[in-house]
Number of protein chains: 2
Amino acid sequence: MSKVTSLDVARKAGVSQSAVSRTFTEGASVSPVMANKVLKAANELDYRPNILARSLITGRSRIIALVVGYLENQFYPDALEKLSRALKEKGYHILVFFASNDSEKEAQKVVDELIDYQVDGIIAASVSLSHSLADRCKKQNIPIMLFNRRQANRSLSYVTSANFKGGQKATEYLIATGCRRLAHVSGWVETSTGKERAEGFKYALKKFGINPVGIIDGMYNQKMAIKATKTLFSKMPNSPDAIFVGNDHMAFSVMDTVRYEMGLKVPEDVSIVGYDDVPLSAWPAYNLTTVRQPINKMIQATIRGLMNLIENDYAKPTHVKIEGELVLRGSTENRLRQ
Amino acid sequence: MSKVTSLDVARKAGVSQSAVSRTFTEGASVSPVMANKVLKAANELDYRPNILARSLITGRSRIIALVVGYLENQFYPDALEKLSRALKEKGYHILVFFASNDSEKEAQKVVDELIDYQVDGIIAASVSLSHSLADRCKKQNIPIMLFNRRQANRSLSYVTSANFKGGQKATEYLIATGCRRLAHVSGWVETSTGKERAEGFKYALKKFGINPVGIIDGMYNQKMAIKATKTLFSKMPNSPDAIFVGNDHMAFSVMDTVRYEMGLKVPEDVSIVGYDDVPLSAWPAYNLTTVRQPINKMIQATIRGLMNLIENDYAKPTHVKIEGELVLRGSTENRLRQ
DNA sequence: CTGAAAGCGCTAACAA
DNA sequence: TTGTTAGCGCTTTCAG
């Protein structure tokens, strides 16, 4: 009662096994009569071609690896769901791999596993790949798309939002609403996103001749963001009246800390701006002003780039940077202060 | 430069291809000398056995399908991450499938895809399977574990929390803190979880001779939960002083609505209890009292049950129900009222 | 313990 | 358009 093979169908339909294969192969030539006979037998037996066997010969598994660090930040499940739905339309499915960024040895293992499954492509969501790992994938002919991260290695394709500009926009808006004691709880500055957003922040301040009250690396980690916030408010008279945070996930913690630990009001005492615009940011409890990552466009570009890389052996790497708008909500003043 | 095969390794090591296979096959007999020769050549060529080719002969793809409705409710990304990490230890990886519960035809397609990939097992997270779909999987010899859902069909294995008891506990606690006008925004009552939690609520009320102020199905959907909340507070003098909500995801929306639409205080005016204990519930902005789903134990049981089903052709279905504690937080009074 | 050979389910030449 | 045949990369008898 287990596997039904093309041969079973062929026998039942009284045709050759390759005829069965053809009716299930896109763009193969079969007469309508033949196709009907085969389809009928196939339906009766509930036959479906074995993708894995097919992959052996076509060299395509129709599996895309999604490598991701963790799913706690709502941005990633959201991306995962959207990527998966988009890839399904193209006949691919996502095999999930978790990679902690800390150990090169662990990273090696993840690449081992990727290769084991003969994935057709890799989407690395906010994880970096060392040069040697990228090389291994290239040798195995597995294309890589970096999603929401970029690296010095220009041969790697990536899709990001305009992080520098986003950081700048957020900061200039805070200045425009009258804030003068600005602080930044940055994303991990070892990553492109964290670094560029922080640079945008600094650039805007410099432009207006303002010195930052503090810049602390939150490393995209809530605990560290909480600690950073406490530090910012510990050197009193110079405590911030506005904080730009490296992503929404940390911004929630920053806001909670400002409100429930410091006993301050948002935005009356402190304005807060995040980055990403995850669904949670729009919920009334946080109502967070934030720089939107245009996730749908980013997904589109990622898929397009990846498909290109898969289908075209000599495709050039794609480098896409998409600008996102500043979404104004209740965590900042909506008008100038003075 | 693409695929390195066992034959390449064999030639390089000056041994037979089957020797290579053996050194990479758990429990095959190879001499240490042979193994070393092979491993050396394999390392130099960066060879890894092709799981897909192996699957053809072993009948095992080392792929587990996770079928899930959506990832917006934090409970699911959390479960996905934990399942994935646990399965990795056993040498399996997760291929993700999204299934909207609405159309039987869509569901058929998902099962088609599952079969295409020759998955070794299915974890259906909070999605139901019609009898015919379950049958198709059984015919293909693909075991199924229902995660956080159960069905009338006793031949299906499942792992759930003690939903009836959880609903009862939550409700009795609300009564103990002095609430008398209790309402329930239920989970979708067409699902086992939604129905059983609602029944626990009703049972507790009856036990204390209290009539519910209202019971409205929120269908595990935030928009509907918001609407339900508004309805509950529209028939004034009889508005609730406590709401038990079918899961945390909806409870956040209920709380937001109570606070920001109704202008009421939680817990002073209205107590709220959720279900799940997702990470977000512990964040200060919500600080939600909730019935914990013991997710780690549920995951453990799911994996154990699934592995059993996979490895043992005639394994009996597992039915596991795990009790979870009520986690007291700030959305309810911590002491009796009077 | 090792190598030769068969075959998993499929696609892709190649003839007919 | 169809059937025949030869593998894809691997595991697993079967001899030795």
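Residue numbering restarts at 1 for every chain, and letters A, B, ... go by the order of the sequence lines. Just so you know, these numbers come straight off a predicted model, no measurement behind them. No hydrogens, no waters, no symmetry mates; every other heavy atom, side chains included, goes into these values.
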*Any ion pair linking B/Glu81 and B/Arg85 (charged N to carboxylate O, less than 4.0 Å)?*
yes
*Which sits closer to the 5' end of DNA chain D, A/Arg22 or B/Phe24, going by the nucleotide each is nearest to?*
A/Arg22
_Applying a 4.0 Å non-hydrogen cut-off, can you work out what B/Ser18 is touching in the nucleic acid: base, sugar-phosphate, or nothing?_
base
*Option among A/Asn148, A/Thr191, A/Val67 that satisfies the side-chain contact (heavy atoms from CB on, under 4.5 Å) test with A/Val127*: A/Val67
*Below 4.0 Å: OP1/OP2 of D/dC10 and any side-chain N or O of B/Ser6*: yes
*Output the distance between atom OG1 (A/Thr160) and atom CZ (A/Arg149), rounded to the nearest 0.5 Å.*
10.5 Å
_Using a 4.0 Å heavy-atom cut-off, does B/Thr5 contact any base of the nucleic acid, only the sugar-phosphate backbone, or nothing at all?_
sugar-phosphate
*asked:* It should be established whether B/Ser29 places a side-chain nitrogen or oxygen under 4.0 Å from OP1 or OP2 of nucleotide C/dC1.
replied: yes
*asked:* What is the separation between atom CG on B/Leu45 and atom C1' on D/dG9, rounded to the nearest whole Å?
replied: 15 Å
*Can B/Asp112 and B/Arg136 be counted as an ion pair, charged N to O under 4.0 angstrom?*
yes
*asked:* I'd like to know if B/Lys82 and B/Asp78 make a salt bridge, using a cut-off of under 4.0 Å between side-chain N and carboxylate O.
replied: yes
*Roughly how many Å is it from NZ in A/Lys37 to C1' in D/dT1, rounded to a whole number?*
12 Å
*Nearest-Å distance, CZ (B/Arg11) to P (D/dG9)?*
11 Å
*Spacing between A/Leu7 atom CG and D/dT5 atom P, to the nearest angstrom*: 14 Å
*What distance do B/Leu56 atom CG and A/Asn50 atom CG have between them, rounded to the nearest 0.5 Å?*
6.0 Å
*Hey, are A/Tyr76 and A/Ser126 close enough side-chain-wise for a donor-acceptor pair under 3.5 Å?*
yes
*Base, sugar-phosphate alone, or nothing: which one does B/Thr25 contact when heavy atoms must sit under 4.0 Å apart?*
sugar-phosphate
*With heavy atoms under 4.0 Å as the rule, sort B/Val30 into base, sugar-phosphate or nothing.*
sugar-phosphate
_Just the rounded figure in Å: distance from P of C/dC10 to CD1 of B/Ile115._
13 Å
*What is the distance from CD of A/Glu26 to C1' of C/dC10, rounded to the nearest Å?*
17 Å
*Which residues in residues 48-59 of chain B have at least one heavy atom lying under 4.0 Å from any atom of DNA chain C?*
B/Leu56, B/Ile57
*Atom-to-atom span, OH of A/Tyr117 to P of D/dC10 - whole angstrom*: 15 Å
_B/Gln118 CD to C/dC10 C1', straight-line distance once rounded to whole Å_ = 11 Å
*Looking for any heavy atom pair under 4.0 Å, which part of the strands does B/Tyr47 touch: base, sugar-phosphate only, or nothing?*
sugar-phosphate
*Toward the 5' end of DNA chain D, which comes first, A/Ser31 or A/Gln17, by nearest nucleotide?*
A/Ser31
